[in-house]
Every structure is written in C-alpha cells, then in structure tokens.
Amino acid sequence: MDYCFRSPTRFSISTVVLAILLSSFTFTCTEAYDALDPNGNITIKWDIISWTPDGYVAVVTMYNFQQYRHISPPGWTLGWTWAKKEVIWSMMGSQTTEQGDCSRYKSAPPHCCKKTPTVVDLLPGTPYNQQIANCCKGGVINSWAQDPNNYASSFQVSVGAAGTTNKTVKPPKNFTLLAPGPGYTCGPAVVGKPTKFITPDGRRVTQAMMTWNVTCTYSQFLAQKTPTCCVSLSSFYNETIVPCPMCTCGCQNNATHPGSCVNANSPYLASVVNGPGKNSLTPLVQCTKHMCPIRVHWHVKLNYKEYWRVKVTITNFNYRMNYSQWNLVVQHPNFDNLTQIFSFNYKPLTPYSSINDTAMLWGVKFYNDFLNQAGPLGNVQSELLFRKDKSTFTFEKGWAFPRRIYFNGDNCVMPPPDAYPYLPNTGSRLSFSLFTLLSTCWAVFFVFV
C-alpha cells in the first residue's frame, strides 16, 4: 500500500500538530493516483467544428488513456452544466436521457433544453444516418493497452442559444462521468490547441474552430466503498491453501438482510438470479466467506532446475455480471524473465522504464476473453513459466507470490504476508523425521518385549 507520508523516527511538537491537522481531513492522497498507471485518465475533447446562426456544431470525443481500466456495459454516461442558456438542437451518435422543458419554442423543439443534460451513447445497429465515427457502441470503451483500436467514443452535438465566436462562446462546466457507476472526477474545461482532422482520402487537413479539454481521473474509493476482488494463494511445497481474508468484500447477513448472497446449491437459485434487480449493477454473489464478486488464485505449481511455473485462476462469484474484455494486472519481480504464458495475452507495463515487474494479462479473443457469470463456467485460467534469476530467485518469505493484483483496474485484497504458505526448512523436516523414528522404535520395543 502507498502512503501519503512516512512517519519520521523523531517527533517534534510541530510534526505532531501537523499530523493532527492532516488527520482531521477526510481524504486519502493515493485514492486517485495509480502507481501502476500514473498517467492514466479519460480525456474529453470538445471540438467546435463550425458556427451556426445561434451557436455551433461540436464533436465530443472521449479518449480512454488508461492502460487497463475500461468502461464496461451498460456504458458511459456524460453530464455537464451549461454556462449560459444553451440548448441542444440535435445530436448524432448519442442522445440525452431527458428533453426537459422546451415550451418556449413554439415549433420544432430542440432535442434537449435542460440546464444539466445527461448524455448516453447509442446502441450498436443504430441507422447509419444517425451515426458518426467511433459512436454507437452502447457506451463501451476499451482500455488503451488492451484494445488500441477501440479506446475512443464520439458524438456530435448542435448547440443553440450560445456564442457564435471564440470570444462569446463559453465552455460547459461541472462535467460528470459515470462509467457506468461513480468513480471518476472531472476537472474544468481548459482551452487547448485546436484539433486537426484528416479527410478520409488523406489529402486534406481541417482544423477545429476551438477545442476544450476535460480530464477525468478514477478513484476506486469513489467507485465503491468495499473491495470487489480478493486473492488466494497456494503452493506445491506446502499443503496450506491461504484463502481470501474473511469478509473481504462484506459478510454474510442473510439472516438480517435476505438476498445479500445466494448458495450455489440453492433450489431457488434460478428464480433469485432472474428475479427483481437482475439488471442492477449491485452484485448478487455466491455465499462465500470472503463475499467478493471476483477471486484470483495464484498457485506456485512446479519447480524446475532453470524455471518455475505458476497457475492463475480467475473465478466469478457474481450471478449478475459477465465480464467481457476482462483483464488482470499482476506485479511480481520475476516478470522481467517471463518465458512463456499459456492461453492468455500478455503485455508488460513499464510506467518506470527501468523496472519491468508488472504484467497485464487478458483473454484470447473467442477463446477465454469472456468470463461467464457465477457457475460451472464462471472461471478462466492460465499458466506462466518464469526463468530463474539466481541473484534474486527464492521460495522463501513469500517471494514467489505477487506483490499486488488488479482485476479490471480495481486493486484486489491480498492475504496478510504472515499467512503466506511458508517453505518448510530442513530443520523442521529433520525434527519430524527423528521424532517419527523414535516413535517407531518405542512401538517396536513394546510389541516385542
């Protein structure tokens, strides 16, 4: 875990006072900062491409510059507050969820008259005359590293009752982004360098009249108050299987709050899964001790002379969610010597170029890129083969286990280090062998005496 500051070994009065003042604020400086993707964000570009008699036409594009965090179904929802009394005459590639009060317009009312419009993407299959490039994906945007061809989403908006020049037009404010739930915080619109557009034939370049940029950053703490995944561990050299910590994502409380989880062998399983709330984003999880929608299991499987092997299994305990385009980010110092990976895609993540200890893993298209809902098919797995580095490799002190794991961009809860499967030492094996030998001798002695 990262911390805002490290406590000094000696305290002064001023240091103590500062610590008390800092503790009075309810924020955590690391919540919106991801050490494995320090520059990750979603950038919204608002490009005014032409002026109209009472406003302008703009193309709005959202770029997902996050390495491994994507926007999953039911997709993004974008909102803002108009600076003046603007209205939306028409849209292409998206729509507002409400029209609002347009009673002051006697004929041909606008598409939306709300001061705070809420915009959603159109669905696949939308008629071509309502589409523009990069639209109509149901609000789904893939991550930049996993699918660089589908990391953007666009729509066109015709704005009225607005300025008609660079000096009179005002940018919207108070941008909000749901993807699909909370988690993103957006900054103010900032005037940027006008975007340039290349015509389809590649022979002409046009330029936006004006461009505003909005940057949105993600915080897991804002997205949900409880974790969404956990990690369990095991190894070939120890019979102990270290489970996810108890109550990692919540505790079973069906007695006081029925429906918080469902048993896998319940005769009412189908009716509960397909009952009220089946389209809700709230997970309906299988009853477990950890109560997490997702569990990642890391098993140290085999040890060779020059290599060692790991099996990774991702299990879905959520009956309301299928994960398409899922991904896993794992941090371990031996990823700089990864030799082979089976049935997963792999990309190294090197935010700090001199350190190669982080890997992004995701499924092979049409094979295991779809993680099914909880049940017999609700898991995917693969194996990783590492080459040993004699200067660092060891099975002692939990070195073979990952430092951290993310699933779909959310940090998974690891077991406490003192619970990791330990490597039996020679002394303990010898003591056990001597004890066994002495016990056997005494038994034989009493039998034959």
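Atoms considered below: every heavy atom in the structure, side chains included; atoms not considered: hydrogens, waters and symmetry mates. These numbers come from a predicted model, not from an experiment.
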Check your understanding: Are N368 and S343 close enough, and set up right, to give a side-chain contact (heavy atoms from CB on, under 4.5 Å), and what steps lead you there?
Key -> CA-CA 8 Å; N368 58 0; S343 71; 4.0 Å; yes
Review point. Just by distance, with hydrogens left out, do T195 and D47 show a side-chain donor and acceptor under 3.5 Å apart?
Key: yes
Exercise for review: Would you check if I44 and L78 make a side-chain contact, meaning some heavy-atom pair closer than 4.5 Å?
Suggested key: yes
Practice item. Using modelled atom types only, decide if a donor and an acceptor are shared between the side chain of Q252 and the backbone of T288 within a distance under 3.5 Å. Key: yes
**Study point:** N142 versus D147, side-chain donor and acceptor atoms under 3.5 Å
**Key:** yes
Review point. Can you tell if the side chain of T350 reaches within under 4.5 Å of the side chain of I355, non-hydrogen atoms only?
Key: no
Practice item. Taking all heavy atoms of Y56 and all of A162, pick out the closest pair and write down the distance. Key: CE2-CB, 4.0 Å
For residues 373-380, run the donor-acceptor check on the side chains, cut-off 3.5 Å, and write out each pair with its distance to 0.1 Å, sequence neighbours left out.
none

Review point. Is the shortest heavy-atom distance from the side chain of K347 to the side chain of W362 under 4.5 Å?
Key: yes
Review point. Hey, mind stepping through W298 and V330 against side-chain contact (heavy atoms from CB on, under 4.5 Å) and telling me if it holds?
Key: CA-CA 10 Å; W298 180 280; V330 184; 3.7 Å; yes
Exercise for review: Tell me yes or no: between the side chains of T165 and T168, is some donor less than 3.5 Å from an acceptor?
Suggested key: yes
Exercise for review: Decide whether Q67 and D37 meet the rule of one side-chain donor and one side-chain acceptor closer than 3.5 Å.
Suggested key: no
Check your understanding: Which pair of non-hydrogen atoms, one from M291 and one from Q286, has the smallest distance, and what is that distance?
Key -> SD-O, 4.2 Å
Point to revise | Heavy-atom side-chain contact between S143 and M360 under 4.5 Å | key: yes
Review point. Just how far is it from atom OH of Y63 to atom OG1 of T215, taken to the nearest 0.5 Å?
Key: 13.0 Å
Check your understanding: For the residue pair A359 and Y346, what are the closest heavy atoms and their distance?
Key -> CB-CE1, 3.3 Å
Check your understanding: Between D410 and Y218, does a side-chain hydrogen bond (donor to acceptor under 3.5 Å, both in side chains) hold up when you go through it step by step?
Key -> CA-CA 10 Å; D410 285 340; Y218 179 82; 2.9 Å; yes
Point to revise | Over 12 foreign heavy atoms within 6.0 Å of NZ, K84 | key: yes
Sequence neighbours left out, cut at 3.5 Å: what donor-acceptor pairs do the side chains of residues 169-181 make with other protein atoms?
none

Check your understanding: Pick one: which of F344, F370, Y68 meets ring pair (Phe, Tyr, Trp, His ring centres under 6.0 Å) with W326?
Key -> F344
**Study point:** Check: V296 and V312 side chains under 4.5 Å, non-hydrogen atoms
**Key:** yes
Check your understanding: Which heavy atom of V159 sits nearest a heavy atom of T52, and at what distance?
Key -> O-OG1, 4.1 Å
Review point. Given the rule in the disulfide bond (SG atoms under 2.5 Å apart) test, do C412 and C229 qualify, once you have shown the distances and angles that lead to the verdict?
Key: CA-CA 5 Å; C412 300; C229 57; 2.0 Å; yes
Check your understanding: Does the side chain of N334 reach to within under 4.5 Å of the side chain of W399, using non-hydrogen atoms?
Key -> yes
Check your understanding: Distance only, no hydrogens: is a donor on one side chain within 3.5 Å (strictly under) of an acceptor on the other, for W46 and T211?
Key -> no
Point to revise | Check: H332 ring centre within less than 6.0 Å of W308 ring centre | key: yes
Review point. Could you state the interatomic distance from CD (Q131) to CD (Q156), rounded to the nearest 0.5 Å?
Key: 13.0 Å
Review point. Is it the case that D54 and W89 place a side-chain donor and acceptor less than 3.5 Å from each other?
Key: yes
**Study point:** Candidate pair I405 and V329, rule side-chain contact (heavy atoms from CB on, under 4.5 Å), full reasoning
**Key:** CA-CA 6 Å; I405 289 180; V329 174; over 6 Å; no
Check your understanding: So does L302 have more than 12 non-hydrogen atoms from other groups sitting under 6.0 Å from CG?
Key -> yes
**Study point:** Salt-bridge criterion met for D34 and R69 (N-O under 4.0 Å)
**Key:** yes
Check your understanding: How about F317 and H290: are their ring centres within less than 6.0 Å of each other?
Key -> yes
Revision key, fill the gap. Here the pair of heavy atoms bringing R203 nearest to T199 is N-OG1, 3.6 Å
**Study point:** Interatomic spacing from CH2 in W144 to CD1 in I42 - rounded to 0.5 Å
**Key:** 14.0 Å
Check your understanding: Does K388 count as lying over the ring of F386, i.e. NZ or CZ under 6.0 Å from the six-ring centre, within 45 degrees of the axis?
Key -> no
Check your understanding: Rounded to the nearest 0.5 Å, how far apart are SG of C113 and CD of E98?
Key -> 12.0 Å
Check your understanding: Under 3.5 Å, is there a donor-acceptor pair between the S90 and H111 side chains?
Key -> no
Check your understanding: With distance as the sole test, does K289 use its side chain to make a donor-acceptor pair with the main-chain N or O of C247 at under 3.5 Å?
Key -> no
Check your understanding: Between Y323 and D369, is any side-chain donor less than 3.5 angstrom from a side-chain acceptor?
Key -> no
**Study point:** Donor on one side chain, acceptor on other, H297 and S234, under 3.5 Å
**Key:** yes
Exercise for review: With side-chain contact (heavy atoms from CB on, under 4.5 Å) as the test, would you mind laying out the steps for K115 and T81 before giving the verdict?
Suggested key: CA-CA 6 Å; K115 179 74 172 178; T81 302; 4.1 Å; yes
Check your understanding: Under 3.5 Å, side chain of N318 to main-chain N/O of L284, donor-acceptor pair present?
Key -> yes
Practice item. State, with a plain yes or no, whether a side-chain heavy atom of V87 is found less than 4.5 Å away from one of C102. Key: no
Check your understanding: Does D121 reach the main-chain N or O of K137 with its side chain, forming a donor-acceptor pair under 3.5 Å?
Key -> yes
Check your understanding: Is the number of heavy atoms from other residues, nucleotides or ligands within 6.0 Å of CH2 (W212) greater than 12?
Key -> yes
Check your understanding: Under the disulfide (SG to SG under 2.5 Å) test, which residues partner C112, sequence neighbours left out?
Key -> none
Review point. Roughly how far, to the nearest 0.5 Å, is the CZ atom of R404 from the CD atom of Q331?
Key: 5.0 Å
Exercise for review: Please say which of V157, I48, I49 ends up in a side-chain contact (heavy atoms from CB on, under 4.5 Å) with V59.
Suggested key: I49
Review point. Would you say S158's side chain and M91's backbone share a donor-acceptor pair under 3.5 angstrom?
Key: no
Point to revise | Chi angles and distances behind the side-chain hydrogen bond (donor to acceptor under 3.5 Å, both in side chains) call for W76, S153 | key: CA-CA 10 Å; W76 56 262; S153 181; 3.1 Å; yes
Review point. In terms of side-chain heavy atoms, does N41 have a donor or acceptor partner in T43 at a distance below 3.5 Å?
Key: yes
Practice item. Tell me, with the steps shown, if C292 and C244 meet disulfide bond (SG atoms under 2.5 Å apart). Key: CA-CA 9 Å; C292 288; C244 290; 5.8 Å; no
Revision key, fill the gap. Tightest non-hydrogen contact, residues R403 and M414, listed as O-CG, 4.3 Å
Check your understanding: Below 6.0 angstrom between ring centroids: does that apply to F236 and F395?
Key -> yes
Point to revise | CG on N150 to CD on Q325, rounded to 0.5 Å | key: 8.5 Å
Check your understanding: Quick one: are I294 and I314 in side-chain contact, heavy atoms under 4.5 Å?
Key -> yes
